[in-house]
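Below, read A as the first sequence line, B as the second, and so on, with proteins coming before strands; counting in each chain starts at 1. Keep in mind it's a predicted model, so treat the numbers as computed, not measured.
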Amino acid sequence: MSADYEPRDIERKWQERWAADSLYQVTEDSSRPKWYALTMFPYTSGDLHIGHWYALAPSDAHARYMRMKGFNVLHPIGFDAFGLPAENAAISRSIHPHTWTMQNIENMRRQLKSIGAIYDWSREVITCLPEYYRWTQWLFLQFYHAGLAYRAKAAANWCPQCQTVLANEQVTADGTCERCQTPVTKKDLEQWFLRITKYADELLDHSKIDWPERIKLMQKNWIGKSTGAEISFALDVPGIEEKEIRVFTTRADTVYGVTFMVLAPEHPLVERLTTLERREEVSAYVAQSRRLSDIQRLSTEKEKTGVFIGACCINRLNGQPVPIWVADYVLMTYGTGAVMGVPAHDARDFDFAKKFGLPIPVVIAPPSWSGEELSEAYLEEGTMVNSGPFNGLPNSQGKEAIADHLEERGWGGRTITYRLRDWLISRQRYWGAPIPIVYCPKCGIVPVPEERLPVLLPSDAEFRPTGESPLKYHQGFVNTTCPNCGTPAKRETDTMDTFICSSWYFLRYTSPHYQDGPFDPDKMACWLPVDLYTGGAEHATMHLLYARFFAKALRDRGLLSFDEPFLRLYNQGIIIAQRQKMSKSRGNVVNPDAYVEEEGADAVRAYLMFVGPWDQGGDWNDRGLSGVSRWLHRVWHLVLTQPPSPSTATEEKTKELRRITHQTIKRVTHDIERFRFNTMIAALMEFTNDLSRLKEEGSVDFETWQEAIDSLLLLLAPSTPHLAEELWQRRNRPYSIHGQPWPSWDEALAAQEEFTLVIQVNGRLRDRVSAPVSITEAEAKELALGRERIKAHLDGKVVEKVIYISQRLVNVVTR
RNA sequence: GCCGAAGUGGCGGAAUGGCAGACGCGACGGUCUCAAAAACCGUUGGGGGGCGACUCCCGUGUCGGUUCGAAUCCGACCUUCGGCACCA
């Protein structure tokens, strides 16, 4: 038995022992309340960096704590294994994505095991394996049968150089192709969508979940519910079938101020309405705007552009003709793709009118307005003017009156628009779950029957440097027969967005090898919903929104019985290095392996918890780590060296030790409950400091000392599981410490007998004195006023009042 | 531009209406050593006064306010970080 703390040896020893004993294998157990503690699974990038540890170690400590509290804890881990980097590796290094991914998983699994977490490895989920993606495809079919998956033409990112479509992730921030730096344009393609917008209102409702306000707000802004009206403008152009243009507006009250109409360049009416003499200019403008990336087009810095198309529509409310323009500041994908231009009361329309010399009539008068021209758009409340029968109304009332008016006449009416779009899930990529659809010349779109799943990715795909999906050219994959009629048919060659895979992985953990469905309904009912989900805030409007959508859609399909997948969400912050975000390009990515080897996983775990409040992130610092490591060495020696001699014990010190022990149990429990790991570790450090001092004094009895040391180890168990287990064993306590109940504290034993009474004069600290906690208000005031120092400060002054805050302070107020 | 979060010693941070700086790092001094490292012990916000036990003043981004009392609550501003960004 070595005398020194050798983390490397004891960590290896216990990880092997725990694995051999299946200590963390989880089964359903109705005798204990369940606790599903989920942490966002990592992407298989190759290496776990310290940021992963920062996410995983504290959540493991909390899950271990819940386990000791008596919960049946499911705290699983897996790998988000489909995605573009694997394919890029295939192209640049001629390694198959499957090989690359599985090699990475092997390395990451080793790293994850070194954390010493309570992961039940028998529940590991890997999204790129057919066992898993079979059910991803099955779920897609459920969406399809429910009418929630549909195929539509959409403008996809197109690289003219590579001659291929790019996923959004492949377009850089400045709108160029990731591989060849060519500006990316748009190309209309048939794509698959999931109808997430159907659930927009329900997704907006966060009332059933305990999530950070910040994330709920981000989702709310992302969904962007906007209440307004649709207004029909009359079209009377010879030879044109359409008799109206509909616009969406939140400002129906300003409809008398319309001086122009703007259509998005993609609007179908642009081509039909453009007059012969304007055709050339309009076509050039439309073509140019399609060449711009969304980012360039939507930049607020960019000056307004647009072209008059030569036609007019009629504002039905006042019968005025309205010239129709095309401009790229109007988006086809929001509202109706057409906007009524009210320059006096909309900043964008104002800029547009100024640039093209269009009139800017005021229809909502500012409070002290006397007919002058506006120098900028007036967006506030006001009285309606130049608005026919609505003149004189406050605009808020006018909005309602005009909506009524529109509805009565069939010219439009109240409506709601969302910023949220349907989820485009097609990816022209190889390394994803194939969309299980066949195109038959006779039957059209035919879903692959469930019993023929999975549609397997061919392993012999050829990766071309053009970036095109190898599936497209793989004859064995593409050519099939129609499941309906047997006619030769073609397979869909697009794969699914990897966010689909991560939208349901937490369901699969309950029964990772289940053969008859994506999850065993009984196990699902036992574990779901997730009680606590931890991970980064960067997933607010992607993964976290998609997963909620999945849960609701599957609920409506009768597969799930809950509304929300994640009852509580907690976001850890970001760990930085040298005051900068870690990134490969900066070369400051911290790999934990060497630190684990040197100082031990327990020290790395404890340091990451100690570095600061978990939700605020922290700075990785080697010296900080060695401070924590030193502390663990002190703990080691404190626990293993001889206890103080009982012959020199005093009742007072024994009482003090017992009080400190119970106070520490209380503090640590409160802190870990609230994820305040930093103050939890600080409390444990203070406790060890106190124990060292008392041991030095040799002044406490044997039994109290044993209770203190056992408590210390139990409190350490979630944070430094190996060290706690080793010391527990060396004290001949029953294996395993991780099966012990969490210690409880006795309020009476934790209670102080004395406290420091702070005495202030006019709010300034002047004295302090120890006082019994039983002191009454009158006694405290008398004690305070009797102090020599206080008397000196009161000399020559009149005491106006004396404030007493129980167990804290006395404040003497003078005139 | 809009929305959100945060500003405290040399550094990470603690204290969320009541002793500012817990805990840790660093620094300085000491013990041990031939020496160094490690380990351990002590000191450590700034300034002034006293031989001294001590004592006074200033101090939580800036300026104001509320309160007996403000790092903490309110208002304005500055800075940093995050999100959204022509969404009609």
Got a sec: does the CD of E782(A) have more than 12 other heavy atoms crowding it under 6.0 Å?
-> no
Option among D349(A), T259(A), T249(A), V262(A) that satisfies the side chain to side chain contact (heavy atoms under 4.5 Å, CB included) test with M340(A) = T249(A)
Listed nucleotide nearest any side-chain atom of I805(A), set A14(B), C86(B), G18(B) | G18(B)
P613(A) side chain, from C-beta outward: closest of G12(B), G13(B), A88(B) | G13(B)
Out of C86(B), A88(B), A22(B), minimum distance to the side chain of A682(A) belongs to A22(B)
Among the candidates C57(B), A88(B), C86(B), find the nucleotide nearest to the side-chain atoms of R764(A).
-> C57(B)
Is N678(A) near enough to A14(B) that one of its side-chain N or O atoms lies under 4.0 angstrom from OP1 or OP2?
-> yes
Side chain of K801(A) (C-beta onward), nearest among G24(B), C68(B), G4(B) = C68(B)
Side-chain contact check for F610(A): nearest option of C68(B), G24(B), A88(B) is G24(B)
Nucleotide A14(B), atom P - distance to NE2 of H670(A) in whole Å = 18 Å
Starting at CE of M680(A) and ending at P of A14(B), how long is that distance when rounded to a whole Å?
-> 14 Å
Closest contact, heavy atoms only, F308(A) versus I324(A) = CD1-O, 3.1 Å
Remember a base hit wins even if backbone is also touched, and classify V339(A) as base, sugar-phosphate or nothing at under 4.0 Å, heavy atoms.
-> base
Gap in Å between the two C1' atoms, one belonging to U79(B) and one to U8(B), rounded = 15 Å
How close or far is atom C1' of C54(B) from atom CZ of R766(A), stated in whole angstroms?
-> 15 Å
Should the pair W614(A) and F675(A) be assigned to parallel (<30°), tilted (30 to 60°) or perpendicular (>60°) ring geometry?
-> tilted
Look through every strand shown and name the nucleotide pairing with G29(B) as Watson-Crick or G-U wobble, where both distances are under 3.5 Å.
-> C41(B)
For U72(B) versus G9(B), give the span between their P atoms, rounded off to a whole number of Å.
-> 15 Å
Check whether any side-chain N or O of R630(A) sits under 4.0 Å from OP1 or OP2 of G26(B), and answer yes or no.
-> yes
Less than 4.5 Å apart, any side-chain heavy atom of Y54(A) and any of V611(A)?
-> yes
Please figure out whether T541(A) or R667(A) has its closest RNA chain B nucleotide nearer the 5' end.
-> R667(A)
Separation between the P atoms of C34(B) and C11(B), rounded to whole Å | 40 Å
Between G617(A) and T756(A), which has a closest nucleotide on RNA chain B that is more 5'?
-> G617(A)
Write down the distance between CZ (F677(A)) and P (G13(B)), rounded to a whole number of angstrom.
-> 17 Å
Compute whether any side-chain donor of one residue and acceptor of the other, for N762(A) and T814(A), lie under 3.5 angstrom apart.
-> yes
Contact class for H637(A) vs. all strands (heavy atom < 4.0 Å): base, sugar-phosphate, or nothing?
-> nothing
Taking only nitrogen or oxygen atoms into account, show me every contact under 3.5 Å that the protein makes with nucleotides 15-17 of chain B, one pair per line with its distance.
residue: A15(B); atom: OP2; partner: R676(A); partner atom: NH2; Å: 3.1

Considering only heavy side-chain atoms of R214(A), the closest of G4(B), G12(B), A88(B) is G4(B)
Using salt bridge (charged side-chain N to carboxylate O under 4.0 Å, His left out) as the criterion, list what pairs up with R808(A), not counting sequence neighbours.
-> none
P gap between G50(B) and G59(B), integer Å = 23 Å
Measure from the side-chain heavy atoms of H793(A) and tell me the nearest of C84(B), A39(B), C56(B).
-> C56(B)
Assign R421(A) to base, sugar-phosphate, or nothing according to its heavy-atom contacts below 4.0 angstrom with the strands shown.
-> base
Pick base, sugar-phosphate or nothing for G335(A), based on heavy-atom distances below 4.0 Å to the nucleic acid.
-> nothing
G75(B) - base-pair partner by Watson-Crick or wobble geometry, distances under 3.5 Å = C63(B)
Base, sugar-phosphate alone, or nothing: which one does R623(A) contact when heavy atoms must sit under 4.0 Å apart?
-> sugar-phosphate
How far does the P atom of G61(B) sit from the matching atom of G12(B), given to the nearest Å?
-> 13 Å
What is the nucleic acid contact for E686(A), judged by heavy atoms within less than 4.0 Å: base, sugar-phosphate only, or nothing?
-> sugar-phosphate
Whole Å only: how far is the CZ atom of R808(A) from the P atom of A20(B)?
-> 13 Å
Residues in salt bridge (charged side-chain N to carboxylate O under 4.0 Å, His left out) contact with R419(A), at least two apart in sequence or another chain | none
Rounding to the closest angstrom, what is the interatomic distance between G47(B) and U67(B) at atom C1'?
-> 29 Å
Nearest-angstrom distance from the residue atom CZ of F350(A) to P of G1(B) | 18 Å
Parallel, tilted or perpendicular: which fits the ring planes of W211(A) and H206(A), with parallel below 30° and perpendicular above 60°?
-> tilted
Taking only side-chain nitrogens and oxygens of S226(A), does any of them come within less than 4.0 Å of OP1 or OP2 of A88(B)?
-> yes
Quantified in whole Å, what is the P atom distance between nucleotide C73(B) and nucleotide A37(B)?
-> 47 Å
Which of parallel (below 30°), tilted (30 to 60°) and perpendicular (above 60°) describes F352(A) and Y329(A)?
-> tilted
Would you check if the side chain of K355(A) reaches a backbone N or O of K304(A) as a donor-acceptor pair within less than 3.5 Å?
-> yes
If you look at every strand shown and take non-hydrogen atoms under 4.0 Å, does D349(A) touch a base, only sugar-phosphate, or nothing?
-> nothing
Select one nucleotide: of C56(B), G18(B), G12(B), the one nearest the side-chain heavy atoms of V611(A).
-> G12(B)
What is the base-pairing partner of C68(B), counting Watson-Crick and G-U wobble geometry with both distances under 3.5 Å?
-> G18(B)
Let me know the distance between CG of L765(A) and C1' of A70(B), rounded to the nearest Å.
-> 15 Å
Mind checking whether F260(A) and W325(A) have ring centres under 6.0 Å apart?
-> no
Is the base of G9(B) syn or anti, if syn means a glycosidic angle within 90° of 0?
-> syn
Using the C1' atoms only, state how far G17(B) lies from C84(B), rounded to an integer number of Å.
-> 36 Å
Please work out if D619(A) contacts a base, only the sugar-phosphate, or nothing of the nucleic acid, heavy-atom cut-off 4.0 Å.
-> nothing
Rounded to the nearest Å, what distance is computed from the CG atom of residue N571(A) to the P atom of nucleotide G82(B)?
-> 15 Å
With a 4.0 Å cut-off on heavy atoms, is N689(A) in touch with a base, just the backbone sugar-phosphate, or nothing at all?
-> sugar-phosphate
Report the base-pairing partner of G4(B) (Watson-Crick or G-U wobble, both distances below 3.5 angstrom), or none.
-> C81(B)
Classify the nucleic acid contact of L217(A) as base, sugar-phosphate or nothing, counting any heavy atom under 4.0 Å across all strands shown.
-> sugar-phosphate
